[in-house]
Amino acid sequence: MTILTRRSLIGVGAGGLLLSGCDRLSGSAGANAFVAQAEKATYGWQRLIGVGDLAQEFTAADISPVFKANGSTDPQDDAYRRHVDEGFANWRLKIDGLVARPLSLSLADLHRLPARTQITRHDCVEGWSAIGQWSGPPLGPLLKAAGLRPTAKYIVFHCADNYGGALGKGGTQSSGLYYESIDLRDAFHPQTIVAHSMNGAPLTVAHGAPCRMRIERQLGYKHAKYVMRIEAVDSFARLELGKGGYWEDRGYEWYAGI
Ligand SMILES: Nc1nc2c(c(=O)[nH]1)N[C@H]1C(S)=C(S)[C@@H](COP(=O)(O)O)O[C@H]1N2
Ligand SMILES: [Mo]
């Protein structure tokens, strides 16, 4: 396990393709330098790192006075309750699977990392929307620091909450554990962050404490709350019913573009 420091992550950003690739494209050295750099690339996934379309961002004046909490809002699972009682002091976010250097991050580590703050609109498939401000480290540099392997194709988010076969939540066809997955294009999208704060305050339990994903170009159910483990995989066929997420296993689209 590697403990990530702010310094090592900044090092990753400055030395890696994530930042320098974009800088070079806009700089005078232009495309040639970028191509030369791309040719040196070790990993196939680096080809995927394009900024792509950004989801619309709003101003502080647009923040919704009330942001509904939806889905699980107070997980009762024993391990999670213990973390809540301990103020998440012993909680660790694992980043593992198809990576060279698995990471184990405390909540303090997460707060120390360079963060992105964005004000975006959350659209739930149930027909409501709300605008909120989210802060946390972008996922891409974390995956890079963990040494994502070239065989990785998807990133899976394992959550703490379990619907336990509740009929109103789709029934018992799989374990009931909430999980989600995205492709590498979304994983390295600059607005894809591991959010530890909402509207300037640490995440509440209702909104996914201690951390939840923001996947801004997709619908609400992709934004996994209560994230305990981030796993890089080459396929999600072996997880639960094989469709890539709790709601996907119950018929929702895997790619839930807005
Ligand atoms: N772990 C987990 N993540 C989840 C859910 C859930 O039930 N459990 N619900 C999803 C749905 S459908 C929505 S709309 C958003 C709600 O986020 P909010 O509670 O911050 O509004 O979380 C998503 N992420
Ligand atoms: Mo939702």
Side-chain angles (χ1 to χ4, degrees), residues 55 58 62-81 83-84 88 91 93-94 117-136 139 155-182 186-187 191-231 236 239-241 243-258:
F58 298 82
D62 302 315
I63 293 174
S64 301
V66 177
F67 196 119
K68 182 179 157 79
N70 201 40
S72 296
T73 54
D74 194 16
Q76 291 305 308
D77 310 79
D78 288 348
Y80 182 77
R81 296 308 322 166
H83 286 310
V84 172
F88 298 102
W91 173 87
L93 174 64
K94 301 275 191 317
T117 294
Q118 58 206 31
I119 300 175
T120 53
R121 196 189 59 229
H122 179 99
D123 296 313
C124 173
V125 74
E126 292 165 9
W128 57 272
S129 298
I131 293 176
Q133 184 199 58
W134 306 96
S135 304
L139 177 61
I155 304 300
V156 178
F157 307 106
H158 297 278
C159 307
D161 54 321
N162 192 329
Y163 277 131
L167 273 182
K169 298 291 182 186
T172 53
Q173 53 271 64
S174 68
S175 82
L177 281 170
Y178 203 94
Y179 75 106
E180 258 303 337
S181 62
I182 57 174
D186 264 334
Q191 290 171 319
T192 296
I193 63 174
V194 184
H196 52 58
S197 300
M198 176 188 186
N199 296 343
L203 268 189
T204 58
V205 167
H207 289 290
C211 74
R212 62 97 52 83
M213 297 309 302
R214 295 301 307 168
I215 316 289
E216 301 292 0
R217 296 178 303 178
Q218 297 202 52
L219 289 172
Y221 62 88
K222 300 297 291 188
H223 302 228
K225 305 196 286 188
Y226 318 110
V227 176
M228 302 288 116
R229 176 180 173 216
I230 296 177
E231 183 190 13
F236 44 73
L239 293 168
E240 302 292 349
L241 298 189
K243 301 286 176 26
Y246 179 88
W247 286 114
E248 288 85 335
D249 283 338
R250 288 155 180 81
Y252 285 36
E253 294 291 325
W254 177 75
Y255 189 79
I258 292 171

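For ligands, and for the atoms within them, numbers begin at 1 and follow the listed sequence.
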For [X], all residues meeting side chain to side chain contact (heavy atoms under 4.5 Å, CB included), sequence neighbours excluded:
| X | answer |
| --- | --- |
| N162 | D77, L177 |
| Y255 | D186, Q218 |
| R81 | D74, Q76, V84 |

Practice item. Would you please classify the geometry between the Y163 ring and the Y178 ring as parallel, tilted or perpendicular, with 30° and 60° separating the classes? Key: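 The arrangement is perpendicular - the two ring planes meet at more than 60°.
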Practice item. Specify whether H158 and Y179 have parallel, tilted or perpendicular ring planes, treating 30° as the upper limit for parallel and 60° as the lower limit for perpendicular. Key: parallel
Check your understanding: What residues sit with at least one heavy atom under 4.0 Å from ligand 1?
Key -> F67, K68, A69, N70, G71, S72, H122, C124, W128, C159, D161, Y163, Y178, A206, H207, R212, G220, Y221, H223, A224, K225, Y226
**Study point:** R250 NZ/CZ over Y252 ring centroid, <6.0 Å and within 45° of normal
**Key:** no
